[in-house]
Number of protein chains: 2
Amino acid sequence: MMSSVSPPTRERLLQAVLTLLEGSQGRGVRMTDIARQAGITRQALYLHFSTRAELLVAATHYLDEVKGSEARLAPSRAAGSGAERLDAFIEAWGAYIPEIHGIAKALLAMKDTDREAARAWDARMQDMREGCEAAIEALDRDKMLSSALSPKQAADMLWTLLSVRNWEQLTRDCGWSQAAYIETLKALARRIFVAGGKPDRQDHGH
Amino acid sequence: MMSSVSPPTRERLLQAVLTLLEGSQGRGVRMTDIARQAGITRQALYLHFSTRAELLVAATHYLDEVKGSEARLAPSRAAGSGAERLDAFIEAWGAYIPEIHGIAKALLAMKDTDREAARAWDARMQDMREGCEAAIEALDRDKMLSSALSPKQAADMLWTLLSVRNWEQLTRDCGWSQAAYIETLKALARRIFVAGGKPDRQDHGH
DNA sequence: TATGTCAATTGACACGGTGTCAAGCAACAA
DNA sequence: TTGTTGCTTGACACCGTGTCAATTGACATA
């Protein structure tokens with residue numbers, strides 16, 4: 001019954017997906033390509049995953065396992081003040097995006113046609129949203145959340161601001177470096193969400 | 001030679017695209033569907049547009065013509081101060097998004113596979129970017145651009161902030177009303193881009 | 001009335017990509 | 001020897017896009 005415990009091949013397939021997706025940012029990676037990359041036949045691939053969507057979803061989970069998505073966002077929970085927490089979260093998530101970008105794009109592309117892919121993606125985004133909510137909540141507890149925004153609005157906004165698409169646009173279309181992305185977004189988030197937050201610092205040089 | 005002057009059928013096809021895309025937000029609208037909606041055969045459709053991408057691109061131009069995309073963004077150029085201009089631009093663009101959303105999604109979905117579609121979309125986004133740049137520039141001229149951001153950074157950020165994807169996320173996934181979207185983004189943009197801009201107004205209630 | 005042209009029709013087919021199925025084969029275990 | 005497991009080969013169905021050839025009906029023109 002297809003060996004519920006996982007032998008090499010399944011792993012090799014998952015790896016293949018990740019490798020190919022990394023290279024061709026989610027674009028035009030066919031079942032044939034994946035199978036060949038893993039050293040088996042396209043048909044044999046269906047012995048392990050009955051659907052492209054299923055494979056992609058599994059690859060997503062696999063990647064989480066390997067890269068430890070949970071562990072990544074943890075440091076932000078440890079931070080002291082709400083503002084520090086916000087910073088830490090943006091830093092962690094911002095560093096994570098490039099690693100999941102390939103598969104994220106692939107999943108995103110299937111979202112409109114495949115229910116399972118949509119569910120997998122939405123679940124992921126829900127996780128990430130919880131991080132946003134937690135950061136905003138911490139800020140709110142500190143009475144440091146900008147009074148211009150309700151916690152819900154703020155969470156929505158932060159969540160949107162940190163979307164993969166936005167990272168893609170800033171980083172690809174606008175040519176921002178990864179470091180610039182993180183720094184600018186941290187500064188921006190402070191300005192937006194932290195009460196009275198650095199309205200316009202002119203500290204160095206009068 | 002396909003009659004360079006446009007008889008009814010071509011228009012009907014364009015209309016059909018818009019209608020169908022409106023209904024099914026860019027999802028699964030096939031050539032067959034479009035042809036049927038216009039009352040002709042799928043094959044006959046190829047007498048007018050030789051490619052799905054071409055049809056979609058033409059539909060985009062057609063929509064511009066009908067809804068006057070140029071005229072929409074014009075008022076923002078007339079505004080007095082840079083801040084007012086920013087407001088006007090967000091309002092105009094924000095009101096425009098829902099109208100182009102269907103076709104935007106369809107184009108966006110093809111972007112990765114079709115060069116023409118990508119070009120059409122990028123051109124559109126370039127137009128919109130010019131609006132962003134103009135608004136930021138006006139702000140800069142007024143010496144009201146936040147010193148935390150360079151004009152280029154600011155334009156990149158505004159452009160990203162106002163993306164169709166973000167509108168979609170806030171409006172669909174977060175459940176914001178169209179009015180809330182516009183109001184919140186206007187406030188946000190002021191806070192982000194306008195120097196010293198409304199850091200945290202506590203006006204109503206002590 | 002005959003001729004031509006134009007828009008559309010019907011029906012068939014190619015291609016690429018996903019998913020399915022049947023038969024066979026090599027390796028290993030009992 | 002028999003069976004099982006994991007894979008192979010080869011064929012095929014389905015779907016959506018794009019192509020082609022032959023035909024038809026309407027309209028204009030000579």
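Quick note on labels: first sequence line is chain A, next is B, and so on, each numbered from 1.
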Would you kindly give the [atom1]-to-[atom2] distance between [X] and [N], to the nearest whole Å?
X      : N      : atom1 : atom2 : result
B:I34  : C:dA8  : CD1   : C1'   : 18 Å
B:E116 : D:dT17 : CD    : P     : 18 Å
A:Y46  : C:dC21 : OH    : P     : 13 Å
B:L47  : C:dT5  : CG    : P     : 17 Å
A:I40  : C:dC25 : CD1   : P     : 21 Å
B:R10  : C:dC6  : CZ    : C1'   : 17 Å
A:L45  : D:dT8  : CG    : C1'   : 14 Å
B:M31  : D:dT19 : CE    : C1'   : 12 Å

Taking the side chain of A:Q43 as its heavy atoms from C-beta onward, which of D:dT17, C:dT20, D:dC7 lies nearest to it? C:dT20

Measure from the side-chain heavy atoms of A:A44 and tell me the nearest of D:dG16, D:dT8, D:dA11. D:dT8

Does [X] pair with [Y] as a salt bridge, N-O distance under 4.0 Å?
X      : Y      : value
A:K152 : A:E133 : no
A:D33  : A:R36  : yes
B:R52  : B:D114 : no

Examine [N]: is either OP1 or OP2 under 4.0 Å from a nitrogen or oxygen in the side chain of [X]? Give yes or no.
X     : N      : value
A:T9  : D:dC7  : yes
B:T51 : D:dG18 : yes
B:T41 : C:dT9  : yes
B:H48 : C:dA7  : no

How about CZ on B:R119, more than 12 heavy atoms from neighbouring residues, nucleotides or ligands closer than 6.0 Å, or not? no

Could you check whether the side chain of A:R42 and the base of C:dG19 have a donor-acceptor pair of N or O atoms closer than 3.5 Å, going by distance alone? yes

Sub-3.5 Å donor-acceptor pair from the side chain of A:R12 to the main-chain atoms of A:A38, do we have one? yes

